[in-house]
Every structure is written in C-alpha cells, then in structure tokens.
Amino acid sequence: MTKTAEQDFLQLVNQNQGIIRKVCHLYGRNDADKDDLYQEIIIQLWKSFGSFRGEAKFSTWMYRIALNTAISNLRKQARKVVLSFPEFIPLEQADSEEEKLKEEKLKEMYAAISRLTEVEKAIVMLYLEDKSYDEMEEILGISSGTLRVKMNRVKEKLRSLTKAQAYGT
Amino acid sequence: MELDQLKEMWDDVGSKEKGPSADELQALLQKKSKSPIAKMKRNLFMELLFILVLYVLTVAYYFLNFSGGMLSLAWMLIVIGVLYLLYYRQKRRLLNRMECVSCEVKSNLSMQLRVLEKYVKFYMWVGTLLFPVVFIASGVIVLLYSPDTTADPVTRERFFIWVFLAVMIVFAAVLTIPVYFLNKWYVRKLYGQHIERLKKIVDEMNEDLVER
C-alpha cells in the first residue's frame, strides 16, 4: 500500500485507539496477552484497510475487526481468569472512603464481566460504548431483538455474579 | 453496582495508558500475524517447502542411480508430488476462504467454523486414503521391477502375482485402519479444541431469542 494510505491508516487508528484498548482490556487475560492482542488487531486492521470502502462507518468496521480478532484468536482459557482492572479513578482522587468503595464495587463488576462468555463480553462492550441495538446488529450480526433479550440476561447474570462475589461464593 | 454505573466511567478505560508512538505503530504494521489462520498458512507453506525439497532430492537420486524399471518409482513419486500440489492448492484455497475479519462477527465465525470443518475433513480423508494407494503402488513396482528379481515380469507366474497383490491389499486395508485413527487423533489434536470453541460461540450467536 502507498505511503499516503499508511499515513491515513495511522491517523485513523490514532483517533480510534480507545476502541482497540477497550477490546484488549476485555479479552486480554494479562498484560502480555493484551499487548499481543493489540498488535494482532493493528495487523488485521492494516491487512483489511485496502478493502475498506466506507460503506460502514470507520468505527463500525474497526469494532468488527477488533472483536473478530479478539474472539477467534483466543487461546484455551485458564480455569479462573480475572481481568486486570483498568484504572478508572485517578489515584489522587481515590483517597476518600466513598471513592475507595466505588473502586471496590467497580473491581467486582469488572471481575464479573471477566466471567461472561466471549459473545456476552462483546455485547457488554458495545452497550458500554453506548451503541444502539441497530449498530450492535451491524457489528455482531445478531438481530436487535435477540440482542435486547441477551442484554437483559447479561445484566441479570452480572447482578448475580457480583452478589455471589460479595458473599464470597 | 450496576452495569450502567460502569458505563459512566467506561470512556476513561485505558485512557491513562500511554499508547504506542507513531513509529511504534508503523513498526507493528511490518510484523507477522499470529492468528491461528495465519499460523496454519505458514505451517502449510513450510510443509510445501519440505515436501518439495524431499521430492526433488529423492527423484534426482533415483534418476541418477537407477535405470529401467526402477525409474518407475521416481515417476510414481512425481505423480504423487503433482497430486500433493493439487492437495496443497485446495488446502490453501480453504484457508483463504476461512476468514473475513471485516464481516459481521457472527457471519465471520460461522464461515470460519464451516470452512475449518471442511478443511479438517479434507485433511483427514486425503491423508488416510493416500496411504493404501502409495503402499500398493510401491509394492507392485517393487514386485515387477526389483533388480534382485531375475525372472522376467511377463513370464512370472500369474498365481504368484495375484497372491502378492492380494497380500498387499489385505496389508494395506489392515494398516489403513490404524492410519485412519492416527490421522483422526492428530487432526483433533491440532484443531479439535478450536472447532469446539467456535461451535460453542456460533451456537450462542445463533440462539434466537424473543422479547416477552
């Protein structure tokens, strides 16, 4: 591909780096895994960039490639995998009791998400990204009706998982 | 804690991490993919190189050291080599059709599963069926053209030839059974877990749910 295409690509990736990072956070099991996944997603994006015709939004195209890569590249899961917790709250602000409690609860939620299936994680991620069900359908290929039901189930599952964690079961 | 509370903070995920620089990103573009399909393509290519080197050396050895009937073995190897190239082309085609990373996740994974199952079946059956064919063909060539045999193949007793052929066929049939199971085990070891995992994901994605 031409130098200009490469520059365009790097610029678009830079603008949308957040998408790749979030996918890596959800699907990578440890730092090394996340780095590998990050690298693989960039390679797959670059390989497909030539065929990007702009029929879909760049971000939709990017979600598809990132999720396809993350889901189909996963190696055998270790029995108990808990995702490492990204820093949501700046350390200097996490001093107050309230913030500490909030961070604790977030950790619980994050640990619960790590126990979801690959498909459920993808749905959660798109939900957290504030995507509409139609956009989710465009990315995942699952009908919006089914996605709504699945989302409700996932919320219920997360509720019971966080509860179970709180009671240490 | 509800998922919606996480939603409020989601935009900050990873934002504090220092991303790769432009140079680092550019360097990533030159790296090789580590995806299972890319690895399969690389392995297949290495297999092709190995077979080509082995065949060229063996065929050259036969042509340089033997003459007459024994050259049939070299010709048989050439025929098998050509068949292998067709087999390689079909495998390569299947691998190329196996992924469409920019497609919807469900259609990409369903296609990957479908093509991978076809690939594995093809791999297993060709590997299994090639064994008796090569076994019997080699036996027949050795029987007819072995330099140790003084008798002319035309005058050789028909009965002996038929018995030899029958023994070869029985041996080939008996030996093909463990070869089949060995192939099956090997293919499962290579792709079994990946297929199972893909099946599970595709089933979950195909689940059609209706709102109540």
Side-chain angles (χ1 to χ4, degrees), chain A residues 6 9-10 13-14 17-18 21-22 24-25 36 38-40 42-44 46-48 51-52 61 64-65 67-69 71-74 76 86-90 105-106 108-110 117-119 122 124 127-130 138-143 145-146 148-150 153-155 158-159 162, chain B residues 1-17 19-38 98-110 112-113 193-194 196-198 200-212:
Chain A
E6 197 175 298
F9 173 77
L10 291 174
V13 166
N14 255 324
Q17 281 228 23
R21 286 226 193 93
K22 286 167 187 166
C24 294
H25 269 298
D36 283 351
Y38 189 94
Q39 182 179 316
E40 192 57 41
I42 296 283
I43 293 171
Q44 294 299 338
W46 177 232
K47 270 171 70 184
S48 309
S51 57
F52 175 62
W61 178 80
R64 279 183 185 172
I65 294 181
L67 288 171
N68 267 322
T69 307
I71 294 174
S72 56
N73 277 18
L74 276 180
K76 195 183 164 195
E87 284 177 33
F88 288 106
I89 304 167
K105 295 273 183 196
L106 275 169
E108 274 172 19
M109 174 56 74
Y110 220 68
T117 64
E118 267 76 282
V119 181
V124 164
Y127 176 80
L128 291 171
E129 289 282 282
D130 222 7
E138 213 184 321
I139 294 164
L140 297 173
I142 301 175
S143 74
T146 301
R148 275 195 185 91
V149 181
K150 278 189 186 286
R153 282 189 185 176
V154 168
K155 281 183 178 173
L158 285 174
R159 242 172 251 141
T162 45
Chain B
M1 163 67 63
E2 287 285 334
L3 196 59
D4 293 295
Q5 284 171 274
L6 182 59
K7 203 173 183 177
E8 290 164 21
M9 312 177 106
W10 182 246
D11 276 343
D12 294 335
V13 170
S15 61
K16 284 173 205 75
E17 289 165 29
S21 66
D23 287 344
E24 283 169 331
L25 265 179
Q26 206 154 14
L28 280 185
L29 305 186
Q30 315 306 323
K31 294 208 170 173
K32 277 184 186 167
S33 168
K34 287 180 188 165
S35 76
I37 294 169
M98 213 176 273
E99 68 179 346
C100 168
V101 280
S102 58
C103 294
E104 289 168 350
V105 178
K106 183 172 133 181
S107 69
N108 173 49
L109 296 177
S110 306
Q112 207 177 102
L113 177 65
Q193 274 183 350
H194 191 56
E196 282 310 309
R197 217 179 57 77
L198 273 178
K200 233 170 131 181
I201 295 171
V202 169
D203 283 348
E204 191 182 340
M205 294 193 106
N206 280 330
E207 199 185 11
D208 214 6
L209 301 168
V210 187
E211 277 179 291
R212 271 180 287 172

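Hydrogens, waters and symmetry mates play no part in the numbers below; they use all other heavy atoms, side chains included.
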How close do [X] and [Y] get, heavy atom to heavy atom, and via which atoms?
X: B/Lys32; Y: A/Gln39; result: O-NE2, 4.4 Å
X: A/Ser48; Y: B/Val101; result: OG-CG2, 3.3 Å
X: B/Glu104; Y: A/Gly141; result: OE1-CA, 3.5 Å
X: B/His194; Y: A/Ser72; result: CE1-O, 3.4 Å

Top contributor to chain B interface from [options] [non-hydrogen pairs under 4.5 Å]:
options: A/Leu10, A/Leu128, A/Ile43; value: A/Leu128
options: A/Asn14, A/Val119, A/Asn68; value: A/Asn68
options: A/Val154, A/Val13, A/Ile142, A/Leu67; value: A/Ile142

Enclosure of A/Lys155 NZ (heavy-atom neighbours >12, cutoff 6.0 Å): yes
Side chain proximity check, A/Glu118 to B/Val105, heavy atoms < 4.5 angstrom: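 When only atoms from C-beta onward are counted, B/Val105 and A/Glu118 do not touch, as no gap falls below 4.5 Å.
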Minimum side-chain heavy-atom gap A/Trp46-B/Leu28 below 4.5 Å: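 No, too far: nothing below the 4.5 Å cut-off.
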Any donor-acceptor N or O pair under 3.5 Å, side chains B/Glu204, A/Thr117: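 There is such a pair (donor and acceptor under 3.5 Å, judged by atom type) between the side chains of B/Glu204 and A/Thr117.
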B/Lys200 portion near chain A, given a 4.5 angstrom heavy-atom threshold: neither
